Amino acid sequence: MILGLRHYATKASAREPLLRFMLDGLRAAGCRVLFASPPDRAPFVITLETRDGERMGIVAYAFLATRTPTRNRPADERSFQIKYGSKADYADDNAHVLWQDPLGLFTTLLIGIDPKEGFFVAVDPEAHNPTKFFIRVEFKDEHAEEVLRQGWHAWERTRRAGPMAEPVEVLVGGTRDTFLDLVRFERAAYGLAPGDRQLLADKRELIRGARPIEDFPAEATGVEVVHPLLRELSLGAEDVLELIAGARRLKMAVRGWVAEEHLRATLAKLDGITHCERLDVEGAPDLLIRYKDGPQLTVECKNVLRVLNKTFSLPRIDFQRTRAAKGDPCSRYYAPSDFDVVAGCLHAVTERWEFRYAIPTSLDPHQKCPGKLASNVLVDKRWVSEPALAFEAAAAQVESRA
């Protein structure tokens with residue numbers, strides 16, 4: 001029924017409670033369920049109509065969340081296992097693409113559900129795409145208790161210990177009554193960096209629907225000025241915003257450019273900047289600048305995580321790529337030569353578009369990957385609020401290498 005969606009046979013009696021949890025949550029929120037796939041077929045496909053008449057679709061990779069004591073694992077640990085079938089079924093190829101709707105009509109969920117206690121835990125589908133089966137997603141009793149207490153809670157998943165730590169990911173948990181909020185959240189959070197994902201989860205009111213245009217005072221709109229792009233597209237401003245909101249890949253791209261555009265605008269106003277441009281090249285740094293007619297410098301923009309470091313109360317950056325090249329785990333990490341300056345965007349913490357700057361050679365080296373930078377970065381005294389200081393230091397390094 002959905003092109004490109006890979007299906008898996010499942011045991012109906014085991015999966016039915018998961019499907020019922022989701023359907024009950026939607027109905028409790030006033031939704032009318034239009035279609036639900038049978039429990040013996042995974043992932044679950046659900047279409048619905050909200051009480052406001054909005055129609056939505058869900059593709060849910062759902063698994064049973066349990067608290068099962070396991071040898072050599074913490075006593076307060078809960079988990080759910082991402083798997084369908086048996087290991088023998090995937091002996092040759094255990095890579096599974098989690099389907100995402102290129103048209104943005106269906107929202108994909110990767111979720112663990114505890115039907116008995118009445119809560120869910122959702123992980124970022126794109127952070128696990130593609131995924132392997134028979135991997136386990138762990139969380140703590142304290143997280144489950146907070147979810148049940150508040151009805152909605154977001155937190156960072158504890159990273160694997162050791163020098164080759166996994167990228168940080170943000171989990172979101174909720175009760176049955178907030179399941180519709182999860183669908184809206186994952187639709188809005190598609191492709192977000194972990195810090196922005198947690199910020200959006202903390203601002204749940206933002207995903208419950210925008211204010212109608214008539215709620216804004218007429219004087220706020222001012223004189224109508226038609227942008228040339230609107231003329232070119234033959235659309236109004238509201239139509240373009242609705243188009244962005246309804247197309248997840250487009251919205252993800254817009255979000256990714258917002259921090260970079262704020263950085264460009266900030267640097268363009270800096271005294272001494274004689275050139276400042278965005279670089280729209282896959283895998284390249286984000287900006288190219290020239291300071292006081294010195295050498296060209298490349299700038300990489302990285303977003304901080306939402307939660308401060310517990311020991312020093314400093315912003316943190318998960319300074320690595322989401323995935324490594326096959327057969328080369330060190331390719332996940334950055335090298336000091338990849339760019340001349342790093343700009344840390346503090347928006348996820350301060351909710352203001354402000355930045356701190358550092359040169360890569362001042363950051364800690366990776367413990368296991370020679371020539372690479374450590375992934376766990378604190379925005380400490382090595383980072384400066386005045387970009388000119390970082391640019392002068394970077395220019396001196398570039399000139400010394402010439």
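Predicted, not measured: the structure shown is a model, and the values here were computed from it. The analysis underlying the following values was restricted to heavy atoms, covering all of them including side chains, and did not include hydrogens, waters or symmetry mates.
- Here the closest heavy-atom approach between residue Ser362 and residue Ala358 is recorded as OG-CB, 4.2 Å.
- Taken together, the cysteine pair Cys301 and Cys345 keeps its SG atoms at least 2.5 Å away from each other.
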Listing, residues 33-47 side-chain donor-acceptor contacts under 3.5 Å, not counting sequence neighbours, or none:
from	atom 1	to	atom 2	distance (Å)
Ser37	OG	Val45	N	2.9
Arg41	NE	His7	ND1	3.3
Arg41	NH2	His7	NE2	3.1
Thr47	OG1	Phe35	N	3.2

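- The side-chain heavy atoms of Gln100 and Phe106, taken from C-beta on, include no pair separated by under 4.5 Å.
- Taking the six-membered ring where tryptophan is involved, the planes of Phe319 and Tyr334 are tilted, since the angle between them lies from 30° to 60°.
- Leu263 approaches Leu287 most closely through the heavy-atom pair CD2-CD1, 4.1 Å.
- Among Leu110, Val123, Ile111, the one residue that satisfies the side-chain contact (heavy atoms from CB on, under 4.5 Å) test with Tyr61 is Leu110.
- Within 6.0 Å of CG on Asp271 lie no more than 12 heavy atoms contributed by other residues, nucleotides or ligands.
- Checking Gln198 against Asp196 by side-chain atom types alone, no donor-acceptor pair falls below 3.5 Å.
- Using a 4.5 Å heavy-atom threshold, the side chains of Thr178 and Arg204 count as touching.
- Between Trp155 and His143, the ring planes lie parallel to each other; the angle is under 30°, not in the 30° to 60° tilted range.
- To the nearest 0.5 Å, the span separating CG on Asp76 from NZ on Lys140 amounts to 4.0 Å.
- We find that Glu54 and Arg184 are joined by a salt bridge, their nearest charged nitrogen and carboxylate oxygen being less than 4.0 Å apart.
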Working note: Val304 + Val379, criterion side-chain contact (heavy atoms from CB on, under 4.5 Å); need CA distance, chi angles, decisive distance, verdict. CA-CA 9 Å; Val304 301; Val379 183; 4.2 Å; yes
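- For the 3.5 Å distance criterion, the side chains of His128 and Glu126 fail to qualify, holding no donor opposite an acceptor.
- Between Phe355 and Leu346, the closest side-chain pair of non-hydrogen atoms is not below 4.5 Å.
- Within the 4.5 Å cutoff, side-chain heavy atoms of Phe179 are placed close to those of Ile58.
- Under a 3.5 Å cut-off, the side chain of Trp383 and the backbone N or O of Leu378 do form a donor-acceptor pair.
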For residues 19-27, dump all side-chain donor-acceptor pairs below 3.5 Å to protein atoms at least two apart in sequence or in another chain.
from	atom 1	to	atom 2	distance (Å)
Arg20	NH1	Glu16	OE1	2.3
Arg20	NH1	Glu16	OE2	2.7

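- The heavy-atom pair separating Lys368 from Pro370 by the smallest distance is O-CD, 3.4 Å.
- With Phe120 as the aromatic partner, Arg176 does not meet the cation-pi criteria of under 6.0 angstrom to the ring centre and within 45 degrees of the ring axis.
- To the nearest 0.5 Å, atoms CD (Glu117) and CZ (Arg67) are separated by 9.0 Å.
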When you look at Glu138 and Arg78, which way does the salt bridge (Lys or Arg N to Asp or Glu O under 4.0 Å) test go after all the steps? CA-CA 6 Å; Glu138 303 90 4; Arg78 305 186 186 211; over 6 Å; no
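- By the 4.0 Å N-to-carboxylate-O rule, Asp124 lies too far from Arg157 to be salt-bridged with it.
- How far CD of Glu49 is from SG of Cys31: 9.0 Å, rounded to the nearest 0.5 Å.
- Between Lys116 and Asp114 no salt bridge is recorded (no basic side-chain N to carboxylate O distance below 4.0 Å).
- For Asp338 and Lys372, the salt-bridge test fails: no basic side-chain N is under 4.0 Å from an acidic carboxylate O.
- Taken from CD1 in Ile289 to OG1 in Thr274, the straight-line distance is 8.0 Å, to the nearest 0.5 Å.
- Of the listed residues (Ile359, Asp340, Leu267), just one forms a side-chain contact (heavy atoms from CB on, under 4.5 Å) with Phe391, and that residue is Leu267.
- Looking at Arg278 and Asp286, no side-chain N of the basic residue comes within less than 4.0 Å of a carboxylate O on the acidic one, giving no salt bridge.
- Applying the side-chain hydrogen bond (donor to acceptor under 3.5 Å, both in side chains) rule to pairs touching residues 342-356 yields Lys203-Glu351, His262-Trp353, Arg306-Glu351, Thr350-Glu354, Arg352-Glu354, sequence neighbours excluded.
- Between Leu200 and Leu192 the shortest side-chain heavy-atom distance falls below 4.5 Å.
- Note that CZ of Arg197 is 12.0 Å distant from CD of Glu156, once rounded to the nearest 0.5 Å.
- Contact between Leu373 and Leu363 at its shortest, heavy atoms only, is CD2-O, 4.1 Å.
- Cys276 has its side chain within reach of Arg264: a pair of non-hydrogen atoms, C-beta onward, lies under 4.5 Å apart.
- Side-chain contact check for His96 and Tyr8: at least one donor-acceptor pair (N or O, by modelled atom type) lies under 3.5 Å.
- One distance of note links CD of Gln81 with CZ of Arg136; it measures 4.5 Å at 0.5 Å rounding.
- Looking only at atom types and distance, the side chain of Glu186 has no donor-acceptor partner in the side chain of Thr108 under 3.5 Å away.
- Judged by a 6.0 Å distance limit and a 45° cone about the ring axis, Lys87 is positioned over the six-membered ring of Phe134.
- Across every non-hydrogen atom of Ala394 and Val341, the tightest pair is CB-CG2, 3.7 Å.
- When all heavy atoms are compared, the tightest approach of Thr50 to Leu48 is CG2-CD1, 4.0 Å.
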